[in-house]
Amino acid sequence: MAKSLYIELFEKAHQDFVQEAYLTILLSEDAEILYSNNTLTNLEPFYGQSIYPVFPFLEHLLQPNIPELSINLLEASLNQTNIKYRCIIKSFEKESETFFFVILQNVEWHYQELFRIQQERNEAVISKEMAILKK
Amino acid sequence: MTTGKTLSKKVILIGNFGVGKTSLTRQFVYQKFSDEYLTTLGVKIDKKVVEVGNDLVNLMIWDIAGEVSQTRVNTSYYLGSNGIIYVFDLSRPSTYEHMEADIEYVQKLLPDVPILRVANKADLLTEEQIANISVPYDFLSSAKTSQNVEEMFLKLTKAMLQ
Ligand SMILES: Nc1nc2c(ncn2[C@@H]2O[C@H](COP(=O)(O)OP(=O)(O)OP(=O)(O)O)[C@@H](O)[C@H]2O)c(=O)[nH]1
Ligand SMILES: [Mg+2]
């Protein structure tokens, strides 16, 4: 295959598996939306406004003194639908201003898999406890 | 009409799995209850606006997946918390045996943050059985009958405003 085809393949894969799977947002120190790739939801109409009305849960997570923070599974609503996210927040400085870079990945598929395992584990532990208590 | 300010506060619900953290949150936010158990993965976040005096408080409720010991919980979940609800299940002694050790651990991470101890599923026990439970708690609750659900969140909200 020619190199130009690899590049095309790469770009298509990047679009489908990275660009489309992750919502990325650049925020100012005051949580103002500066720029986004607008995946999952279109934030363009809110540029210059606070991110909190869209993602209230970020309010207690944006901490300039923590360079990287990650929450592997977070369930919250977006436009009245519940979504399962993986959330990564990076904070950094540029020309003595602080910025946040937020990455939200929709992990519904991952959730279903993990849910089954945790549900079975918890139910087994609880019923074992109950059986001992009844004796 | 309120003429006061709007504040935002983060509350976390912690404790063993299956004790009723999600059910208490659901009862408080949506006035609903279900007998079906569906475990929480990671953290589930809900919001409710509460009026205290002239102020409006945006309560961000972080319902955290239960673990046998709080030391297993990702510490990022605790970040910026203003109030803590520790829930245990009156019908399962294993859910309150480690309560004081858990609370000590969490208080080291979150010093000076108000904490409530909540004894849930009161509807499953008789008064006599409840009287025999020797661990201390601030509220006897039931997510099923909604006993003390509103009350505990309000009490914590007031404590967070002080
Ligand atoms: N009878 C009774 N059952 C309750 C009460 N609260 C919760 N339950 C039941 O207990 C089970 C577990 O409740 P959840 O709210 O999912 O427990 P949880 O603490 O969120 O559990 P994890 O998410 O796994 O940590 C469910 O079957 C609920 O219906 C209560 O006050 N009374
Ligand atoms: Mg739960």
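Small disclaimer: the values here were computed from a predicted structure and weren't measured. Letters go in sequence order (proteins before strands), and every chain restarts at 1.
Of the two parts of A:Leu69, only the side chain, counted from C-beta on, holds a non-hydrogen atom closer than 4.5 Å to a non-hydrogen atom of chain B. At a 4.5 Å heavy-atom cutoff, the contact between B:Lys44 and chain A is made by backbone and side-chain atoms alike. Contact annotation for A:Tyr52: neither backbone nor side-chain heavy atoms come within less than 4.5 Å of a heavy atom of chain B. Neither the backbone nor the side chain of B:Ser81 has a heavy atom closer than 4.5 Å to any heavy atom of chain A. Proximity to chain A (any heavy atom under 4.5 Å) is shown, for B:Leu38, by both the backbone and the side chain. In this structure, chain B has no heavy atom under 4.5 Å from any part of A:Arg86. Contacts of B:Asn82 with chain A are made by side-chain atoms alone, with heavy-atom separations under 4.5 Å and no backbone atom involved.
By the neighbour-count criterion of 12 heavy atoms within 6.0 Å, atom OH of A:Tyr22 is sparsely surrounded, having that number or fewer from other residues, nucleotides or ligands. Residue-environment remark: CD (B:Glu128) stays at or below the threshold of 12 foreign heavy atoms within 6.0 Å. Remark: A:Phe92 CZ is packed, more than 12 non-hydrogen atoms of other residues, nucleotides or ligands lying under 6.0 Å away. With a 6.0 Å radius and a threshold of 12 heavy atoms from other residues, nucleotides or ligands, B:Lys48 has its NZ atom above the threshold. Taking a 6.0 Å sphere around CD of B:Glu104, one finds it holds 12 or fewer heavy atoms contributed by other residues, nucleotides or ligands. The environment of CG in B:Asp112 is sparse: at most 12 heavy-atom neighbours from other residues, nucleotides or ligands sit within 6.0 Å.
In the hydrophobic cluster analysis, where Ile, Leu, Val, Met, Phe, Trp and Tyr join through side-chain heavy atoms closer than 4.5 angstrom, A:Ile89 is grouped together with B:Ile64.
Considering CG of A:Asn122 and CD of B:Glu67, their distance stands at 8.0 Å, rounded to 0.5 Å. Distance check, rounded to the nearest 0.5 Å: CG of A:Leu74 to CD1 of B:Ile45 gives 4.0 Å. Note that the CD1 atom of A:Ile117 and the CG atom of B:Leu41 stand 9.5 Å from one another [nearest 0.5 Å]. In this structure, B:Ser76 OG and A:Ile71 CD1 are separated by 5.5 Å, a value rounded to the nearest 0.5 Å. The OG atom of B:Ser94 sits 8.0 Å away from atom CG of A:Leu133, with the distance rounded to the nearest 0.5 Å. Considering OG1 of B:Thr39 and CZ of A:Arg121, their distance stands at 7.0 Å, rounded to 0.5 Å.
Here the shortest heavy-atom pairing between B:Trp62 and A:Phe57 reads CZ2-O, 3.8 Å. Counting all heavy atoms, side chain and backbone alike, B:Gly80 lies closest to A:His60 at O-ND1, 3.6 Å.
For the pair A:Gln119 (side chain) and B:Tyr37 (backbone), a donor-acceptor distance under 3.5 Å is present. In terms of modelled atom types and a separation under 3.5 Å, the side chain of A:Gln118 and the main chain of B:Thr40 share a donor-acceptor contact.
Contact of the B:Lys47 side chain with the A:Ser77 side chain is not registered, since no non-hydrogen atoms from C-beta on lie closer than 4.5 Å.
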Can you give the donor-acceptor pairs under 3.5 Å from side chains of residues 9-19 of chain B to other protein atoms, not counting sequence neighbours?
from, atom 1, to, atom 2, distance (Å)
B:Lys10, NZ, B:Tyr77, O, 2.8
B:Lys10, NZ, B:Leu79, O, 2.6

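Within residues 114-123 of chain B, no residue has any heavy atom less than 4.5 Å from a heavy atom of chain A.
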